[in-house]
Amino acid sequence: MDEFNCAAFERRAHDRWIHAFESNPSEKEKFYLNVAYPYPSGAMHVGHGRTYIVPDVIARFWRMRGRQVLYPMAFHVTGAPVIGISKRIARGDEKTIRLYRDLYKVPPTVLEKFTDPLTIVRHFSDEYQRVMTACGLSIDWRRRFTTVDPTYSKFIEWQWKHLYEAGHVIKGAHPVRYCTVDENPVGDHDLLEGDKAEVIRFTLVMFRYGDAFIPTATLRPETIHGVTNLWVNPNVTYVRALVDGKAWIVSREAAEKIQLQDHTVSIEREIPGGNLIDEKVSHPLCGEVPILPAGFVDPDMASGIVMSVPAHAPFDYIALRDLQQQGKYTTIKPVPIITVDGYGKIPAQEAVEKAGIKNQLDPRMDALTQEIYSAEFAKGKLFEKFGGQPVRVARDDVAELMTEKYDSVAMYEFDSRPVVCRCGNKVKVKILHDQWFLKYSDPAWKAQVSKHLKDMSLVPPEVRVEFDRTVDWLKDWACTRRVGLGTRFPWDTAQLIEPLSDSTVYMAYYTIAHRIREFAPENLTPAVFDYIFLGKESPSLPERARLDEMRKEFLYWYPYNFRFSAKDLISNHLTFQIFHHVAIFPREKLPQGMVVFGMGLLNGAKMSSSKGNVFLLEDAVNEFGADTVRMFLMGSAEPWQDFDWRNELVISTKKQIERFYNAILEMKDTGGEPGDIDLWLMSRLQDHIAKTTTALDNFQTRQALQEAYFGIDNDLKWYRRRLPEGRDGSRMLRQLCSAWIRLLAPFIPFTAEKLWQDVGGQGLVSFADWPVVDENLLSNRIELAEELLLRTVEDIESIRKLIQITPKSITIALAPPWKHEIFATIAKAPDRNLAIREVMKNDAMKKRGKEATDAAKQCTTLIHKLPPQVVTLIAANGVNERMVFESAKAFLEKEFGVPFHVTEAEGSGHAKAVTALPFKPAIVIE
RNA sequence: GCGAGGGUAACCAAGUGGUCAACGGUGAUCGACUCAAGAUCGAUUCGCGCAGGCGUUCGCGGGUUCAAAUCCCUCCCCUCGCACCA
């Protein structure tokens, strides 16, 4: 017998699989599935493994079910991350080098070339393909491409031409996080601190101060009517600067920020904060107010000068109170302008006093401010003399008025700080011009997407709400970048198409990727793609015959059946790709379904390359074997659930495969005539086939393995126990071997190929027919009989364990017919709680009196405890209990080592016999 | 904060009104086989019980029901997403 040797199985299978999964249009019905392609900037870990193995299992399943399956793969190399990585390696950054050299095990000769970003992605693309192949992924590698291939760029240009012509691409200005040292917008991953900070649009209220403006930033312009003073920090140096030709007084920090926000700024001179104290400023909407000192004023927040509305802002109120408690500015009174239900005349005062806040340093101040702010926004109304509008309306109206008449402008600032770039510099808000957007905010576009989403099959169904919400929530998406790899943006070639925006319809490109390579990129005009994908004729198309081949291929494969991706892409990529599809492709070519994955954990902690908490996929394959890795990843959780990689569980998975392997080899040559227990085994097998098939239809890999592996394994345990002495099975086991190998082939294809050969299967098991249920082999009667026997054996065992005597014989006492009658009546009753009455209507039962009511109660309890299908079968008189036990007598005597008798409970004289019920005979151990 | 999903025995995990003391797997304990085993097979793994039973469990607390892990409400905790980033 061959030893279990997964490395050898893998080698042999790989030899036989070369080119086997290259897939071309055929007579068969197609099944096209694809995964979000990887960004190959590092080595694959076992989390990646799951992402690509799930679709592979599904691909293999459908291939065996006779579909023409396409599972392609490519590499997304667009974007900025590798640029940063190559720079860090070039400058000798220890952390980065350690990651690539030690964790990813990049050889020194390769690593030194990583100063070129393209080398990094090329290296890891090859690695990905190598490791994916090692995992047994049935990918058509002819279709591999990267997103910086010139032909792909031509495809992207075609895509964008359509988006542009449909009016989805617009140009505008946009506030972004910006680092003045790097001279670049700053993404989340470039931040040292402040990744939660949001950019907020403030209104600058322009107070007049002599010939200059003093701007104060506010989110609540409507409170201008209640301003009693401004706050300036006396310890801060302010500047007088010419902003767009007008004099402003702001903090030094603010002057720098304003410059980034579409203003020309030249600083004239410094003004110590102290000099401004007690000066007077004015605004048309509130008149003349003084400037007061306040330590809480932060020069790095907006303009660095704050307007004070003590009636409605707790900070202002308490700062004023603090001053007044020192006997200063006692003539200033809060000026209320807003009424809010639940608050008195001066909300800020009331809130501060109620909370018992002593001074402005109290930590509860922020929460209090938020509370007043929310209450006034939600329920507040301006006083009648200011128009009486709700606050939420007045806010925008006043802002508009100020902008139009009173010189106000917008200023962008973060809602929380600090925000610090990786380089250590403070991040500011810059208004970026010549910024291009995909107009995801467009309601008409959204509506198209929502409509199509309804027709899509989403797995698991719970993610649907999340998709709906994402469509609803999406705003315009900045779709061009200044740094990184990618396709040039056609309308501004200094910029690149943003990485999430060049990877939305490439699933269509897969269908032609292996053929389009033969074309020179410059010949790939939009007209060429229009013909291939949209069937649009145009004069002078090059190489028409080849284009027709591609058109045929596209028409065959598209639309894709399912796209697979991790759930974190719902809020961007997965939704974007629907937007792009509906914008470009006709209805019948729109995506049909998506399967969303959970995350991967390693020993209970989140897997993360940067934290070093990863297990490399290749190491796992080398250590445990590809089949083990596959079976573990598929069996430990359903695809959409998070899975946890634990070595001890992986080791036991390997043992399970080995047990399967040995079991097949032991059974495959068994001969002999089948007995009842063989029929039972075959009937159960049909059940497992049906359930495995359903599970895989629904992408439930774990459920499928439970059925296909553990279900059959457990049946075999019972089967072996039930075999008569000296028998090791029957010829039916060959049928089971064949089916079992095929059921597990999608999960453990290497071992399956080996065994398929051993049992004399034709060709590759990868292309063998998926087992189908043979109705003739299904037998409820036999399964029910075995169920009765099994339950009784379990009861005998538990009794035997409890009682201390050494049994001399075991007697099974069968329930009398009238109890069967009661059982059937109750089982068939529409309301089982009323069934007892039903039973007692019968005269014969009435005569039995208490005996009958007791039996009815016991039957009711028993019926509740049995599986419903079993109850139905028993009630339909599906089992001859005496025959079951008589024919299992030899087995029972072997099991328990004592003589075994079957008798009728009534008249048996045994005290225990009265407890006999249908499907639960009395057991008498003596 | 907002949106979505989730909390089940030592661990992972199935289960969405009675099939539930709760599938399956791991780990642990005992036994069998072996020179031996990290290999294989069998048993046990909430408590009590010399008869197949009883009691108490499914994040906390409360409610609906003849009956709740499962339905409803309050609260606590965890994970993911919240954008220019793959």
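Heavy atoms only: backbone and side chains are in, while hydrogens, waters and symmetry mates are out.
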*asked:* Among residues at least two apart in sequence or on other chains, which ones pass salt bridge (charged side-chain N to carboxylate O under 4.0 Å, His left out) with A/Arg659?
replied: A/Asp713
*With A/Gln656, which residues qualify under side chain to side chain donor-acceptor pair (under 3.5 Å), at least two apart?*
none
_With A/Thr480, the side-chain hydrogen bond (donor to acceptor under 3.5 Å, both in side chains) member among A/Gln435, A/Lys171, A/Glu498_ = A/Gln435
*asked:* Work out how far the P atom of B/C23 is from that of B/U40, and round it to whole angstrom.
replied: 23 Å
*Nearest-nucleotide wise, let me know which of A/Thr480 and A/Glu648 is further upstream toward the 5' end of RNA chain B.*
A/Glu648
*CD of A/Gln577 to CG of A/Leu574: how many Å apart, nearest 0.5 Å?*
5.5 Å
Nucleotide N/O to protein N/O under 3.5 Å, stretch nucleotides 69-71 of chain B:
none

*Quantified in whole Å, what is the P atom distance between nucleotide B/U70 and nucleotide B/G61?*
13 Å
*asked:* Looking only at the side chain of A/Arg721 (C-beta and beyond, no hydrogens), which of the listed nucleotides B/U26, B/G3, B/A43 gets closest?
replied: B/A43
*Looking only at atom C1', what distance separates B/C76 and B/C60, rounded to whole Å?*
7 Å
*Mind checking whether A/Asp468 and A/Leu453 have side chains closer than 4.5 Å, heavy atoms only?*
yes
_Residue A/Lys655, side-chain atoms from C-beta onward, closest of B/G38, B/U26, B/C80_ = B/G38
*Got a sec, which residues hit side chain to side chain donor-acceptor pair (under 3.5 Å) with A/Tyr128, two or more places apart in sequence or on another chain?*
none
*To the nearest Å, how far apart are A/Arg659 CZ and B/A39 P?*
11 Å
*Side chain of A/Val465 only, please: which of B/A4, B/A83, B/G25 is the nearest?*
B/A4
*Can you tell me, in whole Å, how much space there is between the C1' of B/A43 and that of B/C35?*
26 Å
*The side chain of A/Tyr39 lies closest to which of these nucleotides: B/C80, B/A13, B/A86?*
B/A86
Nucleotides 8-10 of chain B: which of its N/O atoms have a protein N/O under 3.5 Å away?
none

*Provide the distance between the two C1' atoms, one in B/A28 and one in B/U65, to the nearest whole Å.*
40 Å
_Can you tell me the base-pairing partner of B/G49? Count Watson-Crick or G-U wobble geometry only, both distances below 3.5 Å, and say none if there is no partner._
none
*Could you check how far NE2 of A/His864 sits from P of B/A21, rounded to whole Å?*
12 Å
*Gap between atoms CZ and P, on A/Phe710 and B/C23 respectively (whole Å)*: 15 Å
*asked:* Mind checking if A/Ile651 touches a base, just sugar-phosphate, or nothing, with heavy atoms under 4.0 Å?
replied: nothing
*Nucleotide of B/U26, B/A4, B/A13 approaching A/Glu466 most closely (side-chain heavy atoms)*: B/A4
*Between B/C73 and B/C80, how far is it from one C1' atom to the other, in whole Å?*
26 Å
*Looking at the side chain of A/Gln641, which of B/A13, B/A83, B/A86 is the nearest nucleotide?*
B/A13
*CD of A/Glu462 versus P of B/A4: gap in Å, rounded?*
13 Å
*Identify the residue among A/Thr146, A/Asp502, A/Thr487 that makes a side-chain hydrogen bond (donor to acceptor under 3.5 Å, both in side chains) with A/Thr78.*
A/Asp502
*What is the distance, rounded to the nearest whole Å, between atom CG of A/Asp715 and atom P of B/C23?*
17 Å
*Compute the ring centroids of A/Trp718 and A/Phe891, then answer whether they are less than 6.0 Å apart.*
yes
*What's the closest nucleotide to the A/Leu474 side chain, out of B/C80, B/A86, B/A83?*
B/A83
*In whole angstrom, give the distance that lies between atom CG of A/Leu432 and atom C1' of B/A83.*
15 Å
*Which base, if any, makes a Watson-Crick or G-U wobble pair with B/G42, both distances under 3.5 Å?*
B/C30
*Measure the distance from CD on A/Glu666 to P on B/U40 and round it to the nearest whole Å.*
12 Å
*asked:* A/Asp442: which residues meet the salt bridge (charged side-chain N to carboxylate O under 4.0 Å, His left out) condition with it, sequence neighbours left out?
replied: none
*So which nucleotide does B/A4 pair with, by the Watson-Crick or G-U wobble rule with both distances under 3.5 Å?*
B/U79
*For atom C1', what is the distance between B/C77 and B/U29, given to the nearest Å?*
34 Å
*asked:* Considering every strand and a 4.0 Å limit on heavy-atom distances, what is the contact class for A/Asp644: base, sugar-phosphate, or nothing?
replied: nothing
*How close or far is atom C1' of B/A4 from atom CZ of A/Phe467, stated in whole angstroms?*
12 Å
*When all nucleic acid strands are considered with a 4.0 Å heavy-atom cut-off, which category describes A/Lys717: base, sugar-phosphate, or nothing?*
sugar-phosphate
*Same-atom distance (C1') from B/C20 to B/A68, integer angstrom*: 11 Å
*Among all residues two or more places apart in sequence or in another chain, which pass the salt bridge (charged side-chain N to carboxylate O under 4.0 Å, His left out) test with A/Lys717?*
none
*asked:* Return the pairing partner of B/G17 with a 3.5 Å limit on both distances, Watson-Crick or G-U wobble; otherwise return none.
replied: none
*Set of side chain to side chain donor-acceptor pair (under 3.5 Å) partners for A/Thr51, sequence neighbours left out*: none
*asked:* Protein within reach of the bases, or only the backbone? For nucleotides 48-55 of chain B, mark each nucleotide 5' to 3' as B, S or -, using heavy atoms under 4.0 Å.
replied: -BBBBS--
*For A/Gln703, answer base if it contacts any base atom (sugar-phosphate contacts may also be present), sugar-phosphate if it contacts only those atoms, and nothing otherwise; contact means non-hydrogen atoms under 4.0 Å.*
nothing
*Please identify each residue that fulfils salt bridge (charged side-chain N to carboxylate O under 4.0 Å, His left out) with A/Glu623, with sequence neighbours left out.*
none
*Who is the Watson-Crick or G-U wobble partner of B/U56, with both distances under 3.5 Å?*
none
*asked:* Once side chain to side chain donor-acceptor pair (under 3.5 Å) is applied, do any residues pair with A/Tyr37, and if so which ones, sequence neighbours excluded?
replied: A/Tyr152
*asked:* Less than 6.0 angstrom separating the ring centers of A/Phe124 and A/Phe75, yes or no?
replied: no
Donor-acceptor pairs are to be reported for all side-chain atoms of residues 635-645 of chain A against protein atoms at under 3.5 Å, with residues two or more places apart or in another chain.
| residue | atom | partner | partner atom | Å |
| --- | --- | --- | --- | --- |
| A/Ser636 | OG | A/Phe632 | O | 3.3 |
| A/Glu638 | OE1 | A/Thr701 | N | 3.0 |
| A/Glu638 | OE1 | A/Arg702 | N | 3.0 |
| A/Glu638 | OE2 | A/Gln703 | N | 3.0 |
| A/Gln641 | OE1 | A/Glu638 | N | 2.9 |
| A/Asp642 | OD1 | A/Met599 | N | 2.8 |
| A/Asp644 | OD1 | A/Asn603 | N | 3.0 |
| A/Asp644 | OD1 | A/Gly604 | N | 2.8 |
| A/Asp644 | OD2 | A/Gly604 | N | 3.1 |
| A/Asp644 | OD2 | A/Arg646 | NE | 2.8 |
| A/Asp644 | OD2 | A/Arg646 | NH2 | 2.8 |
| A/Trp645 | NE1 | A/Asn647 | OD1 | 2.9 |

